[in-house]
Amino acid sequence: MNRLLAMVDALVNRQRLMRRAALVWAMVLITWAVRYTFVHHPDIPAGTVAALGTVTAVLGTVIGFYQHHRSVDGRTGDQEQKP
């Protein structure tokens, strides 16, 4: 059980799994929304455009999240030194 917890800790903290998972989630969400909008609707109403703009704005939020946590990692100095 300790090995499992150590592996999860290494993935989340050292490998930055959550940061990367958030970026992948945003890319998948935006890709799905854009594909669904332009493949299934030949005439795009204003409500769909507003929803698509909101979904696309998620990328800016996730990039801000990523950069903030990356700078926090740099300040705390818990990045491993490469030879």
Side-chain angles (χ1 to χ4, degrees):
M1 187 66 167
N2 286 337
R3 287 182 59 191
L4 178 63
L5 291 175
M7 185 181 71
V8 170
D9 180 56
L11 282 173
V12 172
N13 293 323
R14 284 193 304 234
Q15 301 297 327
R16 304 340 186 232
L17 178 69
M18 299 311 291
R19 237 178 13 206
R20 291 182 178 112
L23 283 173
V24 170
W25 171 78
M27 290 187 313
V28 168
L29 179 67
I30 292 168
T31 301
W32 175 83
V34 169
R35 185 177 182 284
Y36 180 80
T37 300
F38 290 109
V39 170
H40 295 285
H41 300 289
D43 183 27
I44 303 171
T48 304
V49 171
L52 185 61
T54 303
V55 166
T56 307
V58 166
L59 182 61
T61 304
V62 170
I63 289 174
F65 167 80
Y66 181 86
Q67 288 178 343
H68 168 73
H69 284 282
R70 189 171 180 195
S71 69
V72 167
D73 284 346
R75 283 194 301 260
T76 59
D78 53 327
Q79 291 180 339
E80 295 180 15
Q81 297 293 328
K82 293 184 179 179

#### Entry: Nonpolar side-chain network containing Tyr36, other nodes, edges under 4.5 Å
Trp32
### Summary
Members sharing Leu5's hydrophobic cluster, built from side-chain contacts under 4.5 Å between Ile, Leu, Val, Met, Phe, Trp and Tyr, are none
### Query
Any chain of hydrophobic side-chain contacts (each under 4.5 Å) joining Ile30 to Phe38?
yes
### Task
Drop me the distance from Arg20's CZ to Tyr66's OH, to the nearest 0.5 angstrom.
5.5 Å
### Query
For Thr48, which residues count as a side-chain contact (heavy atoms from CB on, under 4.5 Å) partner, sequence neighbours excluded?
Thr37, Ile44, Pro45
### Query
How would you list, by chain and number, every residue that makes a side-chain contact (heavy atoms from CB on, under 4.5 Å) with Val24, sequence neighbours excluded?
Met27, Val28
Please tabulate, one pair per line, all N/O donor-acceptor pairs under 3.5 Å involving side-chain atoms of residues 50-60, not counting sequence neighbours.
residue, atom, partner, partner atom, Å
Thr54, OG1, Ala50, O, 2.9
Thr56, OG1, Leu52, O, 2.7

### Joint hydrophobic cluster, Val49 plus Leu29, side-chain heavy atoms closer than 4.5 Å
yes
